[in-house]
**Q** 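Have a look at this one before I ask anything.
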Amino acid sequence: MKKNILYYVSTVCLTLIFLIPSVSPASSINPIADSTISLNGIFMKGDSSLLTDGQVEEGTNWSSQSVSWLGLKPSIEIDLHGVTKISSLSIQADSNDAYQVDYWDKSSNSWQHAWTVANVKDNAHNYVPGLVLRESGSDLNIVSDKLKISALSGDGMYSVSEIQAKASPTPLPSALLLLGSGLGGLAFVRKRFKML
């Protein structure tokens with residue numbers, strides 16, 4: 001009888017130990033690295049793999065090693081392959097243009113504004129040349145499975161060279177189910193101990 005109880009207790013404890021990494025959020029992952037990126041519209045240069053390679057230095061010419069386009073209609077859509085909580089974004093883009101980042105809201109079935117990527121000027125109010133990294137800060141709190149980047153204003157010639165995000169994965173329903181069954185098993189074992 002005691003062997004059975006020890007077996008149940010050890011099984012439940014091991015289950016919980018293995019579940020903790022799958023339920024606890026990671027402190028800093030980049031979901032963009034494993035995403036699928038689609039270029040919607042007509043692009044002058046359109047190699048989407050450039051957007052996540054981390055190889056482009058700030059100050060690089062706007063049309064080198066970037067995805068570039070004309071006008072406000074084209075957009076970059078990022079499929080995160082599952083709902084993800086994003087706390088901040090970094091985008092390296094042409095300095096004299098502003099961009100808009102939207103996220104897909106399933107409840108309203110529409111794109112919602114997340115962040116405006118402002119243009120960059122120096123202290124003398126001149127545009128900084130080339131591609132410049134802009135960071136959103138750590139208070140975005142986006143929960144979505146898709147992002148979209150589009151041009152907002154500027155000279156009509158736009159380019160983006162890098163996109164990164166800091167995010168925490170939302171717990172998987174199956175992991176929560178396993179955690180619940182593990183806790184239920186613990187309650188059952190505790191009840192059996194009281195009966196002895």
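All values reported here derive from a predicted model rather than from experimental measurement.
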**Q** For H125, enumerate each residue passing the side-chain hydrogen bond (donor to acceptor under 3.5 Å, both in side chains) test, keeping only those at least two apart in sequence or located in another chain.
**A**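 Residues passing side-chain hydrogen bond (donor to acceptor under 3.5 Å, both in side chains) with H125: none at all.
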**Q** Can you check whether H113 reaches T116 side chain to side chain, under 4.5 Å on heavy atoms?
**A**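 Yes, side chains in contact.
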**Q** What closest approach, in Å, do D47 and L39 show between heavy atoms, and which atom pair accounts for it?
**A**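 Smallest interatomic distance, heavy atoms only, reads N-CD1, 4.4 Å.
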**Q** Can you pull the salt bridge (charged side-chain N to carboxylate O under 4.0 Å, His left out) pairs that have at least one residue in residues 49-63, sequence neighbours excluded?
**A**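 Sorted pair list comes back empty.
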**Q** Would a single hydrophobic cluster contain both V101 and W111, if residues Ile, Leu, Val, Met, Phe, Trp and Tyr are joined by side-chain heavy-atom contacts under 4.5 Å?
**A**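 No, separate clusters.
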**Q** Do I78 and I149 have side chains that approach each other closer than 4.5 Å (heavy atoms only, starting at C-beta)?
**A**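 Touching, per the 4.5 Å side-chain cut-off.
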**Q** Grab the two heavy atoms, one from G54 and one from E162, that are nearest each other, plus how far apart they are.
**A**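 Smallest interatomic distance, heavy atoms only, reads N-OE1, 2.9 Å.
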**Q** Does any non-hydrogen side-chain atom of K85 lie less than 4.5 Å from one of N141?
**A**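 Side-chain contact under 4.5 Å: yes.
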**Q** Transitively linked via ILVMFWY side-chain contacts under 4.5 Å: I163 with W62?
**A**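 No, it is not one cluster - the side chains of I163 and W62 are not joined through contacts under 4.5 Å.
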**Q** List in chain and number order the residues that pass salt bridge (Lys or Arg N to Asp or Glu O under 4.0 Å) with D145, two or more places apart in sequence or in another chain; answer none if no residue qualifies.
**A**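 Salt bridge (Lys or Arg N to Asp or Glu O under 4.0 Å) check on D145 returns K106.
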**Q** Minimum heavy-atom separation for S88 to S136, with atom names?
**A**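 It is CA-OG, 3.4 Å.
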**Q** Rounded to the nearest 0.5 Å, what's the gap from CD on Q92 to OG on S161? Could you check?
**A**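 One gets 3.5 Å once the value is rounded to the nearest 0.5 Å.
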**Q** So, using side-chain contact (heavy atoms from CB on, under 4.5 Å) as the criterion, who are the partners of S144 when residues are at least two apart?
**A**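 If we apply the side-chain contact (heavy atoms from CB on, under 4.5 Å) test to S144, skipping adjacent residues, the hits are Y103, W104, I142.
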**Q** Under 3.5 Å, side chain of Y99 to main-chain N/O of S159, donor-acceptor pair present?
**A**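 At least one qualifying donor-acceptor pair exists.
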**Q** Who pairs with Q164 by side-chain contact (heavy atoms from CB on, under 4.5 Å), at least two apart in sequence or on another chain?
**A**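 Residues passing side-chain contact (heavy atoms from CB on, under 4.5 Å) with Q164: N30, S90.
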**Q** To the nearest 0.5 Å, what is the distance between CD (Q65) and OG1 (T60)?
**A**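 Reported to 0.5 Å precision, the distance equals 6.0 Å.
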**Q** List for me each residue that meets salt bridge (Lys or Arg N to Asp or Glu O under 4.0 Å) alongside K73, sequence neighbours excluded, and say none if there are none.
**A**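 K73 satisfies salt bridge (Lys or Arg N to Asp or Glu O under 4.0 Å) with no other residue.
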**Q** Over all heavy atoms of both residues, which pair between L133 and E135 is shortest? Give the atoms and the distance, please.
**A**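 Closest approach of L133 to E135, heavy atoms only: CD2-OE2, 3.8 Å.
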**Q** Give me the atom names and distance for the closest heavy-atom approach of G130 to D94.
**A**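 Nearest pair, atom of G130 first, then D94: O-OD1, 3.8 Å.
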**Q** How close do A151 and L72 get, heavy atom to heavy atom, and via which atoms?
**A**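 Answer, listing the atom of A151 first, then L72: O-CD2, 3.6 Å.
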